[in-house]
Amino acid sequence: GYLVGSISSDEAHDADIGQNAIQGYSIEANENFSLNVIAKSGGGKYSELVLEKELDREKQQELTIVLVATDGGTPQRSGTAVIHVTVLDANDNAPVFSQAIYKASLPENSPLDTVVVTVSATDADEGVNGEVTYEFDHISDESNNVFSLDQTTGEVKVSGSIDYEELSSYEMEITAKDGLGLVSSSTLIIDITDVNDNAPLTFIKSLTNPIPENVSPGTEVGIINVQDRDSETNGQVRFPIVI
């Protein structure tokens, strides 16, 4: 056990002498503390309050212990004192994210300072031990100039150009750190959605030029190639021929 403090017989005074004076100390049963009663070489006794089970401020910040001093007389008499124990905080809790994985969807070409998502972590400690700051961890070159992270609020914002045709998904690690360096992490996945921002490109290759007037039906006279960089319905192309 860990010695918390000592209580001498001088603090619990009994005017009687001999067997009628203070003969012992005890405390009410509790989970955390025990009492070690020690006899002095010159007579009398004192007590040591010993920690037997570690304390957890996050569960119980204050404890009250009743100390009892008893004499050896008949009838036996006793007196009590209340010991208030205040549990001080230690940095024994790391920040905990509200989600292990954050997912967000973002249209390409979103304007600068658009808030994509806000990450959040809490720390059960108090004071500087519980102050949380956020950082990107091992961010890729592709993400480095595209997103910014507010260290205090956890807001992830657009800070650069986003082009679905260049990169359709981003994955980043975000760390939460408390004031004395305990760290946890979470994953952020941002899926980019397509916007119809690319016009079709048409390429025509003529095979026969000029075309004879008596050319047979079904003869291939040219190749028309149309490409659109957008996806799905944004990339579907119709090209009616107007004569």
Enquirer: So how far is it from Asp194 CG to Ser168 OG, rounded to the nearest 0.5 Å?
Expert: 10.0 Å
Enquirer: Please report the closest heavy-atom contact between Val87 and Gln60, naming both atoms and the distance.
Expert: CG2-O, 3.7 Å
Enquirer: Does either side chain, that of Thr187 or that of Glu173, offer a donor lying less than 3.5 Å from an acceptor on the other one?
Expert: yes
Enquirer: Any side-chain donor-acceptor pair under 3.5 Å between Asp191 and Ser105?
Expert: no
Enquirer: Rounded to the nearest 0.5 Å, what's the gap from CG on Leu149 to CD on Glu155? Could you check?
Expert: 9.5 Å
Enquirer: Determine whether Ile27 and Val68 fall in the same hydrophobic cluster, where Ile, Leu, Val, Met, Phe, Trp and Tyr are linked whenever their side-chain heavy atoms lie under 4.5 Å apart.
Expert: no
Enquirer: Is it true that a side-chain atom of Tyr102 and a backbone atom of Ser120 form a donor plus acceptor pair closer than 3.5 Å?
Expert: yes
Enquirer: What's the spacing between Gln61 CD and Asp56 CG if we round to 0.5 Å?
Expert: 11.0 Å
Enquirer: Any chain of hydrophobic side-chain contacts (each under 4.5 Å) joining Phe136 to Leu112?
Expert: yes
Enquirer: Ile139 versus Tyr170: any side-chain heavy-atom pair under 4.5 Å?
Expert: no
Enquirer: Are the side chains of Asp125 and Glu58 in touch, meaning some heavy atoms are under 4.5 Å apart?
Expert: yes
Enquirer: Quick one: are Glu108 and Glu165 in side-chain contact, heavy atoms under 4.5 Å?
Expert: yes
Enquirer: How about Leu55 and Asn32: do any of their side-chain heavy atoms sit closer than 4.5 Å?
Expert: yes
Enquirer: Would a distance-only check, ignoring hydrogens and angles, find a side-chain to backbone donor-acceptor pair under 3.5 Å from Thr80 to Leu67?
Expert: no
Enquirer: How close do Thr175 and Phe97 get, counting heavy atoms only, and between which atoms?
Expert: C-CZ, 3.9 Å
Enquirer: Check for a donor-acceptor pair, side chain of Ser184 on one end and backbone N or O of Pro95 on the other, with a separation under 3.5 Å.
Expert: yes
Enquirer: For Glu54, does the CD atom sit with more than 12 other heavy atoms under 6.0 Å from it, leaving out its own atoms?
Expert: no
Enquirer: If you take all heavy atoms of Asn129 and Asn91, which pair is closest and at what distance?
Expert: O-OD1, 3.2 Å
Enquirer: First locate atom CG of Leu188, then atom CD1 of Ile101, and finally report the distance between them rounded to the nearest 0.5 Å.
Expert: 10.5 Å
Enquirer: Run Phe33 and Val85 through side chain to side chain contact (heavy atoms under 4.5 Å, CB included) and show every step you take.
Expert: CA-CA 11 Å; Phe33 296 97; Val85 179; 4.1 Å; yes
Enquirer: Applying a strict under-4.5 Å side-chain criterion to I, L, V, M, F, W and Y, I'd like to know whether Val115 and Val146 cluster together.
Expert: no
Enquirer: Look only at the side chain of Tyr134 and the backbone of Ala121, and say whether a donor-acceptor pair between them is shorter than 3.5 Å.
Expert: yes
Enquirer: Answer yes if Leu35 and Leu51 sit in the same cluster of Ile, Leu, Val, Met, Phe, Trp and Tyr residues linked by side chain heavy atoms under 4.5 Å apart, and no otherwise.
Expert: yes
Enquirer: Can you name the closest pair of heavy atoms from Val195 and Pro107 and give their distance?
Expert: CG2-CB, 4.2 Å
Enquirer: Considering non-hydrogen atoms only, spot the tightest contact between Ser186 and Gln99 and give its length.
Expert: OG-O, 2.9 Å
Enquirer: Verify, without hydrogens or angle tests, whether Asn30 (side chain) and Glu28 (backbone) share a donor-acceptor contact under 3.5 angstrom.
Expert: yes
Enquirer: Which distance, rounded to the nearest 0.5 Å, do you find between the CG of Asp178 and the CD of Glu131?
Expert: 9.5 Å
Enquirer: If only atom types and distance count, is the side chain of Gln151 paired as donor or acceptor with the main-chain N or O of Thr133 below 3.5 Å?
Expert: no
Enquirer: With the side chain counted from C-beta on, respond yes when Val132 and Thr122 share a heavy-atom pair under 4.5 Å apart, and no when they do not.
Expert: no
Enquirer: To the closest 0.5 Å, what do you measure between OG (Ser47) and CG (Leu49)?
Expert: 9.0 Å
Enquirer: When hydrophobic residues are tied together by side-chain contacts of less than 4.5 Å, even through go-betweens, does Val119 share a cluster with Val96?
Expert: no
Enquirer: Check the pair Leu167, Ile192 against side chain to side chain contact (heavy atoms under 4.5 Å, CB included), reporting the backbone distance first and the verdict last.
Expert: CA-CA 8 Å; Leu167 192 61; Ile192 308 303; over 6 Å; no
Enquirer: Side chains of Asn93 and Asp123: any donor to acceptor distance under 3.5 Å?
Expert: no
